[in-house]
Amino acid sequence: MRRIMTGLLVTALIVTCLAGCSAKTESPVEGKKVAYIMFMSSSGIFEMWSESFKETAEALGMEADTFFCEDSDEEWRNRILQCAEEGYDGLLVSHGGVDYAWEFLTEVLTEYPNLKIATFDTSFRDENGDAQTIDGVVQLFQQDSGLAAVLVEEILAMYPDKVEKGEPINILQVQQEDYIIAFDRRQVGYELYETVGSIRTLEQIAPEDHLNPVSSMQKVAEQTIDQYAAGEIDAIWCCYDAYAQGVYQALQALGSEIPMVSVDICDEDIRLMAEGKNWKACATTNWTLNGEFACRVLALEMAEQYEDIQAASSYYENLGMWMEIPSVVITQEQVMSQENITVKNLAEVAEDAYTDKSWMPSCDWMAAALGD
């Protein structure tokens with residue numbers, strides 16, 4: 001009889017424990033509806049983001065949609081309003097305009113106080129241009145200054161003799177300040193090297209036609225590079241890979257061997273790097289991880305677990321500021337080391353940092369759902 005009672009007690013304890021563990025790890029966002037709303041048109045990296053965002057949301061028990069707004073401010077705002085009116089619980093909104101995003105999203109959240117929003121590459125500024133925050137809205141960015149810095153480091157490594165002598169590396173910079181917030185943030189990382197005299201910017205150039213950035217950049221780059229004597233330009237630093245594609249075509253047309261590096265990456269960039277010529281490196285983030293990261297942050301906002309977001313970003317002063325996605329560099333040697341490398345299988349040749357997820361926020365129920 002004692003053995004039977006002991007067995008029943010153990011069974012009861014196991015059932016209680018399992019019930020408790022289940023309650024502990026049950027997703028509080030189960031059944032919620034979220035959306036990824038992207039200002040720009042669809043592209044390879046943004047499709048990777050969308051797919052990962054959706055997969056993560058579904059793993060957490062949510063329903064997820066994606067909307068691309070074809071570079072239309074009006075469509076971006078209308079889509080956000082439409083989703084809010086239709087009862088979406090959370091929105092990840094990307095690339096909103098600096099001149100209206102803060103005021104617009106503040107109004108949306110005032111009208112729909114139960115809605116949760118996280119943003120990507122969206123800076124909050126008031127009418128005076130001063131930085132602002134929105135309570136409860138976490139702003140996500142790539143580590144843009146880091147993207148810029150690792151590329152400068154790649155250039156410095158090309159000229160060890162000049163570096164040892166303390167001579168600055170002469171760079172033609174492809175950059176357009178006061179155009180989008182990401183470019184301005186990248187400029188911060190670049191300028192650090194100018195300040196200490198490691199590099200000298202010969203001049204700053206950008207495309208004249210933004211509707212045709214590759215062909216326009218090729219034309220501008222050809223005209224500019226042709227004005228310099230051989231050896232005057234040590235390297236070309238590009239703030240954006242679409243511009244870099246035009247620069248690369250210009251270098252091929254001119255028969256130049258000037259090395260170049262760029263921020264961001266796509267399959268076309270990889271194909272051109274693999275030709276083994278001028279394009280030496282791209283700085284990027286893992287766009288599959290980016291989508292998961294954004295969904296994690298949004299889900300934790302929806303669960304009101306801001307402390308878990310904060311735990312993953314302890315160096316930020318408050319949650320109304322921003323979180324940054326770590327940057328990595330992809331080299332020409334890496335993409336040439338194996339055939340058929342694309343953005344989707346970059347992990348096969350990239351360093352371990354490319355697939356590291358230790359910086360992402362989590363908690364018990366999220367870890368259980370995502371297998372952390």
Point to revise | Glu30 side-chain N/O to Ser27 backbone N/O, donor-acceptor pair under 3.5 Å | key: no
Check your understanding: Among the clusters formed by ILVMFWY side chains lying less than 4.5 Å apart, do Leu156 and Val174 turn up in the same one?
Key -> no
Check your understanding: Ion pair present between Asp209 and Lys219, side-chain N to carboxylate O less than 4.0 angstrom?
Key -> no
Practice item. For Thr122 and His95, indicate whether the former's side chain and the latter's backbone hold a donor-acceptor pair under 3.5 Å. Key: yes
**Study point:** Presence of salt bridge, Glu268 and Arg271, under 4.0 angstrom
**Key:** yes
Point to revise | Pair Ile45-Asn290, side-chain contact (heavy atoms from CB on, under 4.5 Å): steps then yes or no | key: CA-CA 10 Å; Ile45 57 175; Asn290 294 357; over 6 Å; no
Review point. Are more than 12 heavy atoms from other residues, nucleotides or ligands located less than 6.0 Å from atom CD of Gln338?
Key: yes
Check your understanding: Is there a donor-acceptor pair closer than 3.5 Å between any side-chain N or O of Thr110 and the backbone N or O of Thr106?
Key -> yes
Practice item. Please name the pair of heavy atoms, one in Ala274 and one in Val335, separated by the smallest distance, quoted to 0.1 Å. Key: N-CG2, 4.1 Å
**Study point:** Donor-acceptor pair, side chain of Asn286 and main chain of Thr355, under 3.5 angstrom
**Key:** no
**Study point:** Neighbour count above 12 (heavy atom, 6.0 Å) for Asp130 CG
**Key:** yes
Check your understanding: Under the side-chain contact (heavy atoms from CB on, under 4.5 Å) criterion, do Lys32 and Leu298 qualify, and how do the steps go?
Key -> CA-CA 11 Å; Lys32 302 289 186 180; Leu298 181 60; over 6 Å; no
Point to revise | Side chain Asp184, main chain Asp178, donor-acceptor under 3.5 Å | key: yes
Review point. With the 4.5 Å side-chain cut-off for hydrophobic clustering, are Val152 and Tyr159 part of the same group?
Key: yes
**Study point:** Min side-chain heavy-atom separation Leu192-Thr195 under 4.5 Å
**Key:** no
Check your understanding: Where the side chain of Asp267 meets the backbone of Val343, is there a donor-acceptor pair that is under 3.5 Å apart?
Key -> yes
**Study point:** For the student: nearest non-hydrogen atoms of Ala369 and Ala59, plus distance
**Key:** CB-O, 3.6 Å
Review point. Is there a path of hydrophobic side-chain contacts, each under 4.5 Å between heavy atoms of I, L, V, M, F, W or Y residues, that connects Leu151 with Met260?
Key: no
Review point. Between the side chains of Gln227 and Gln223, does any donor sit under 3.5 Å from an acceptor?
Key: no
Practice item. Evaluate the side-chain contact (heavy atoms from CB on, under 4.5 Å) criterion for residues Cys239 and Gln176: first the C-alpha distance (whole Å), next the side-chain angles of each, then the deciding distance (0.1 Å), finally the verdict. Key: CA-CA 8 Å; Cys239 70; Gln176 188 152 30; 5.5 Å; no
Study note, to complete from the structure: For Val349 and Ser337 the tightest heavy-atom approach is CG1-OG, 3.6 Å
Review point. Just checking, is any N or O donor in the side chain of Tyr193 or Glu153 under 3.5 Å from an acceptor N or O on the other one?
Key: yes
Revision key, fill the gap. Value for CD1 (Ile37) from CZ (Arg79), rounded to nearest 0.5 Å, stands at 7.5 Å
Check your understanding: Is Glu111 reaching over with its side chain to a backbone N or O of Glu85, donor-acceptor style, under 3.5 angstrom?
Key -> no
Review point. Going by atom types alone, do Ser42 and Glu47 pair a side-chain donor with an acceptor below 3.5 Å?
Key: yes
Check your understanding: Taking atom CD of Gln204 and atom CG of Leu172, what is their separation to the nearest 0.5 Å?
Key -> 10.0 Å
Point to revise | Closest contact, heavy atoms only, Lys162 versus Pro168 | key: NZ-O, 3.4 Å
Check your understanding: Do the charged groups of Asp264 and Arg186 touch, with an N to O distance under 4.0 Å?
Key -> yes
Check your understanding: Hey, quick one: are Leu370 and Phe53 part of the same hydrophobic cluster, counting side-chain heavy atoms closer than 4.5 Å, chains of contacts allowed?
Key -> yes
Practice item. For the residue pair Pro361 and Phe293, establish whether any side-chain heavy-atom pair is separated by less than 4.5 Å. Key: yes
Practice item. Report yes or no: do Gln173 and Thr201 form a side-chain donor-acceptor pair below 3.5 Å? Key: no
Review point. Does the distance from a Lys or Arg side-chain N to an Asp or Glu carboxylate O, for Glu86 and Lys33, drop under 4.0 Å?
Key: no
Check your understanding: Do side-chain atoms of Ser94 reach the backbone of Met38 as a donor and acceptor pair under 3.5 angstrom?
Key -> no
**Study point:** Side chain proximity check, Asp241 to Cys282, heavy atoms < 4.5 angstrom
**Key:** no
Check your understanding: Do Asp65 and Tyr88 touch side chain to side chain, with heavy atoms closer than 4.5 Å?
Key -> yes
Check your understanding: Quick one: OG1 on Thr119 to CG on Leu140, what's the gap to the nearest 0.5 Å?
Key -> 6.0 Å
**Study point:** Atom pair CG (Leu147) and OG1 (Thr285), whose distance is rounded to the nearest 0.5 Å
**Key:** 6.5 Å
Check your understanding: Take atom CD in Glu203; do more than 12 heavy atoms of anything else shown fall under 6.0 Å from it?
Key -> yes
**Study point:** For Cys83 against Leu91, the heavy-atom pair lying closest together
**Key:** CB-CD2, 3.8 Å
Exercise for review: For atom NZ of Lys280, decide whether the heavy atoms of other residues, nucleotides or ligands shown that lie under 6.0 angstrom number more than 12.
Suggested key: yes
Exercise for review: Identify the heavy atoms of Ile199 and Tyr190 that sit nearest to each other, and give their distance.
Suggested key: CD1-CZ, 3.6 Å
Check your understanding: If we only count heavy atoms from C-beta on, is the Trp76 to Phe67 side-chain gap below 4.5 Å?
Key -> no
Practice item. Flag yes if Trp359 and Trp49 sit in one hydrophobic cluster, no otherwise; membership is Ile, Leu, Val, Met, Phe, Trp, Tyr, and two members link when side-chain heavy atoms are under 4.5 Å apart. Key: yes
Practice item. Answer with yes or no whether the side chains of Gln252 and Glu275 bring together a donor and an acceptor at under 3.5 Å. Key: no
**Study point:** Val34 side chain reached by Val29 side chain, heavy atoms, under 4.5 Å
**Key:** no
Review point. Is the shortest heavy-atom distance from the side chain of Ile80 to the side chain of Arg77 under 4.5 Å?
Key: no
Review point. Is there a donor-acceptor pair under 3.5 Å between the side chain of Arg296 and the backbone N or O of Met366?
Key: no
Point to revise | From Trp279, Tyr248, Tyr240, residue fulfilling side-chain hydrogen bond (donor to acceptor under 3.5 Å, both in side chains) relative to Ser262 | key: Trp279
Point to revise | Min side-chain heavy-atom separation Tyr306-Glu304 under 4.5 Å | key: yes
Practice item. Give the intermediate values and the outcome of side-chain contact (heavy atoms from CB on, under 4.5 Å) for residues Phe68 and Glu75. Key: CA-CA 9 Å; Phe68 291 102; Glu75 174 65 18; over 6 Å; no
**Study point:** Any donor-acceptor N/O pair, Asn78 side chain to Glu74 backbone, under 3.5 Å
**Key:** yes
